Structure formats: C-alpha cells, structure tokens
Amino acid sequence: MNYSDIHIQLRQWYKSFGRHDLPWRKTNDPYVIYISEMMLQQTQVKTVLDRFFFPFLKRFPTLESIKASSIDEILHAWQGLGYYRRARYIHACAQIASPSLPTDPKELVKLPGIGKSTAHAIAAFSKHYPVAVLDANVKRILYRFFAKTEAKERELWKMAEILLDHEEPYIYNQAMMDLGATVCLPKSPKCEICPFASRCMGRESPMNYPQKRVLKKRPIKQKKIAVLQCGTKLFMRKRKTELLGGLWEFPEMEDLDLPVGNALHKIVQEYTHFKLEAELFLLQTKKSDHMTDGEWIDIASFGKLATSTLEKKILKVLFETDTH
DNA sequence: CATGCGTGGGT
DNA sequence: TACCCAAGCAT
C-alpha cells in the first residue's frame, strides 16, 4: 500500500497546525529529549510543561549531573509527577550510560525504563532515525485509520511501521502525536479537518475504534496513619515498597503498637488500582528507642524530603503548612 | 499477558 | 459528579 498522498497532507497539516512551541521539540539533545519522554509516559503534556520539565532540567542539566546525584535528589525533583520508578530508572540509566546516552534504538532499549516506544522517540527526535513512534495518540489514530476494534501490541507496531513516512520520519512522528492530541481526540474527533480523513477506514464511526474496555472496580483500602510529634519534629520513614518507593511517609498505627485514640481527620487518596481512605492520628510522644526505622523530621524541613501527595495533604491538614 | 504503578486534566 | 485516561514499562 502506498500512503504518499496522506504523508504529504500530514506534512502540510503539521506545518500549519503542529505544536511547534513544545520545548523538547526545540532541541536535539538526546538527554533533554530522554527526560521529556520519561516524564511524558502516562502523563499529560500540560502537567509536564507547567510544573516539571523546566525545573528538573535546571536542577539536572546533563546526564552526568544525574549520575553525580543521589536517588533522593532525583525523587525530590520528581515529587508530584507520579510513577516514581521512572525517577529510579533515570538514576540507574545515568550510572550505566553517563556521560551520554546512545541514540541507536537497539542500544536504548537495553537501558532500564526505556522500552521500544521511548527508544524510538529518542532516536527519531534527536537523530531523525526512520523508526516509528507509538504512543497513546498514535495508537488511537491507528485503531481508527485501520478500523480495528482491538489489536495486540505487536499488531500496533506493524501498523505503525506500515504507515510510517520514510521520507520525512521526523516530521511524520511529531505530526502523528500532534494529530492524535488535537484532532483525533478520544471523545470528539474532528474528522472534518483531519488530513487522513480521505483514507481513514474508521471515518464513519471513529468512536467504535478501539472498542471500549470494561472498567474494573477499584477496591477501597483503609489505613490508620500515625503522625508522631515531639516538639516541632515528626517521625517519618522511607518507603521500601514498589508503590511510592523511596519516598518518605508517616508510619501506620499497626506498625507502632500504640493505643488507638480517635482519628482527627480522614483523607481520601486515589491511586490507579485502589482508593485509599486514611485516618489520621496525631500523637504527642517522646522520642523513644524502639522507633529506629525512621527519623525525626522538623516540620520546617519537611519540604526537603521527597514525599508523596498523600503526605503533603497530611501535613497541610494537620499543620496548615504548605510545602511549596 | 494481565497487572501494578500516581496524579491530575478534561468532560 | 464520576469517569476516562494520559508521549509506557517491567514483571
């Protein structure tokens, strides 16, 4: 199949309507593009742009600066962005690849946290490699363009490669993501202005592609959280779990063997796979010997630690302190 | 191959 | 409001 006609239409569309002002599009530095791609995994452009991209790169301008830093420092800059294992992968990558990342996709995928999509994006955007980028935007276009209600990952890659514009791969890949983000929208696709409309097999009923997946109920988990206070200091410990690993938290009541009083507050925190209902217990205590798995943190220094959104909410509720 | 992994934007 | 879902990856 020859798609040169829509390749030309896509290039023209991109020239007029592409998101040319995205900052990671104004550089060919593989490291900068890498950071943007890691941040953008499962995360909206607006979030990355408004709050994370610039501060992070100011703090860590090179891969070498990542290598020279601790994971705690990386996590601190990652606070609030979520999926914190990404921060750990970036740190791990720097240990392996510093001073500079490879740009061959086959080398990139060997690095921790870099899959095929991210590898292709770095290669395509920094060196104009003729490889297809496959993100959520592109996937939605492919489902509709080929009128597929469902497809395995392997099939999606095959479709992506079939449609790739080998003459202008860089423009094509950027344009596809922009088209998905601004025209081929999940809820209300704007087919009337789409450069692919003439050959899109899903044109008549784009909402049928892909088929909606059945949503699962998220379980509710309950937790009693102990905020131990001694003067101006609070007891905190570092999480070693996969969820929120490396971030500082307040301990659970059941880990402390303390009498349960009345909860002061209830906080609800939504995660991907469950909803947490946390009851807060503020307890005035003395620093005691049996609590050796954590540290006493001055309330004024709370902001120096990397914490999750839940901990920030707790501090705000109990002490009306905003850490930012 | 299905699931776990965070948070917040958009409707 | 409630719900979907976003420049994915590892296990």
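Every chain is numbered from 1 and lettered A, B, ... according to where its sequence line falls, protein lines coming before strand lines. This structure is a prediction, so every number in the text was calculated from the model and none was measured. We use all heavy atoms of the structure for the numbers below, so side chains are in, but hydrogens, waters and symmetry mates are not.
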query: 5'-most contact on DNA chain B: A/R85 or A/T309, nearest heavy atom basis?
result: A/R85
message: Please tell me whether A/F302 and A/W248 form a close aromatic pair, meaning their ring centres lie under 6.0 Å apart.
response: no
message: So, does A/H273 get its side chain near the phosphate of B/dG4, meaning an N or O under 4.0 Å from OP1 or OP2?
response: yes
- request: Round to a whole Å and report the spacing from CE of A/M39 to P of B/dT7.
  value: 15 Å
message: With rounding to the closest Å, how many angstrom separate the P atoms on C/dC3 and B/dG6?
response: 23 Å
message: Heavy atoms only, 4.0 Å cut-off, all strands: where does A/R51 land among base, sugar-phosphate and nothing?
response: sugar-phosphate
- line: Rounded to whole Å, OH of A/Y84 lies from C1' of C/dG8 at a distance of 17 Å
message: With a cut-off of less than 4.0 Å, is there a side-chain N or O of A/K216 near OP1 or OP2 of B/dA2?
response: no
A/R218/A/E270 ion pair, N-O < 4.0 Å: yes
task: Could you check A/W157 against A/H120 for ring-ring contact (aromatic ring centres under 6.0 Å, His included), going step by step and ending with a plain yes or no?
output: CA-CA 11 Å; A/W157 275 109; A/H120 282 198; 5.1 Å; yes
N or O in side chain of A/T118 less than 4.0 angstrom from C/dC9 OP1/OP2: yes
task: Quickly work out the A/Q41 CD to B/dG8 C1' distance and round it to whole Å.
output: 17 Å
- request: Using atom CZ of A/R88 as one end and atom C1' of C/dT11 as the other, report the distance to the nearest whole Å.
  value: 13 Å
- prompt: Do A/R86 and C/dA10 have a side chain to base donor-acceptor pair shorter than 3.5 Å?
  reply: no
task: Find the distance A/L49:CG to C/dA7:C1' and express it as a whole number of Å.
output: 13 Å
query: Quick one: is A/Q42 getting a side-chain N or O under 4.0 Å of the C/dG8 phosphate, OP1 or OP2?
result: yes
Ionic contact status for A/K158 with A/E155, cut-off 4.0 Å: no
message: Looking at every non-hydrogen atom in both residues, tell me the closest pair between A/C191 and A/R203 and how far apart they are.
response: CB-NH1, 3.5 Å
query: Quick one: on DNA chain C, does A/K217 or A/Y89 contact a more 5' nucleotide (nearest heavy atom)?
result: A/K217
query: Just checking A/G80: base, sugar-phosphate only, or nothing, at a heavy-atom cut-off of under 4.0 Å?
result: sugar-phosphate
task: Using the P atom as the reference point in each nucleotide, state the distance between B/dG4 and C/dA7 in Å, no decimals.
output: 23 Å
- prompt: With a non-hydrogen cut-off below 4.0 angstrom, is A/S308 in contact with a base, only sugar-phosphate, or nothing?
  reply: sugar-phosphate
message: Could you walk me through whether A/R237 and A/E249 satisfy the salt bridge (Lys or Arg N to Asp or Glu O under 4.0 Å) test, starting with their C-alpha distance in whole Å, then the side-chain angles of each, then the deciding distance to 0.1 Å, before giving a yes or no?
response: CA-CA 6 Å; A/R237 63 188 183 185; A/E249 68 170 5; 2.9 Å; yes
task: Pick base, sugar-phosphate or nothing for A/A121, based on heavy-atom distances below 4.0 Å to the nucleic acid.
output: nothing
field: Of the listed nucleotides B/dG9, B/dC5, C/dG8, the one nearest the side chain of A/D135
entry: C/dG8
task: Could you tell me whether A/T43 contacts a base, only the sugar-phosphate backbone, or nothing, with contacts defined as non-hydrogen atoms closer than 4.0 Å?
output: base
- request: Report the distance from atom CZ of A/F52 to atom P of B/dG8, rounded to the nearest whole Å.
  value: 8 Å
query: With a 4.0 Å cut-off, would you call A/E167 and A/R11 a salt bridge?
result: yes
field: A/Q269 side-chain N/O to B/dT7 phosphate OP1/OP2 under 4.0 Å
entry: yes
task: Pick the P atom in C/dC9 and in B/dG8, then give their distance to the nearest Å.
output: 23 Å
field: Value in whole Å for how far the P atom of C/dA7 lies from CG of A/D178
entry: 11 Å
statement: Taken to the nearest whole Å, OH/A/Y83 to C1'/C/dA7 is 14 Å
task: Would you tell me if any nitrogen or oxygen in the side chain of A/T47 comes within less than 4.0 Å of OP1 or OP2 on B/dT7?
output: no
task: Describe the nucleic acid contact of A/L247 in one word from base, sugar-phosphate, nothing, applying a heavy-atom distance below 4.0 Å.
output: nothing
message: Mind checking if A/R140 touches a base, just sugar-phosphate, or nothing, with heavy atoms under 4.0 Å?
response: sugar-phosphate
message: Considering every strand and a 4.0 Å limit on heavy-atom distances, what is the contact class for A/L244: base, sugar-phosphate, or nothing?
response: sugar-phosphate
Shortest side-chain distance from A/K152, nucleotide among C/dG8, C/dA6, B/dC1: B/dC1
statement: Side-chain contact check for A/Q44: nearest option of B/dG6, B/dG8, C/dA7 is B/dG8
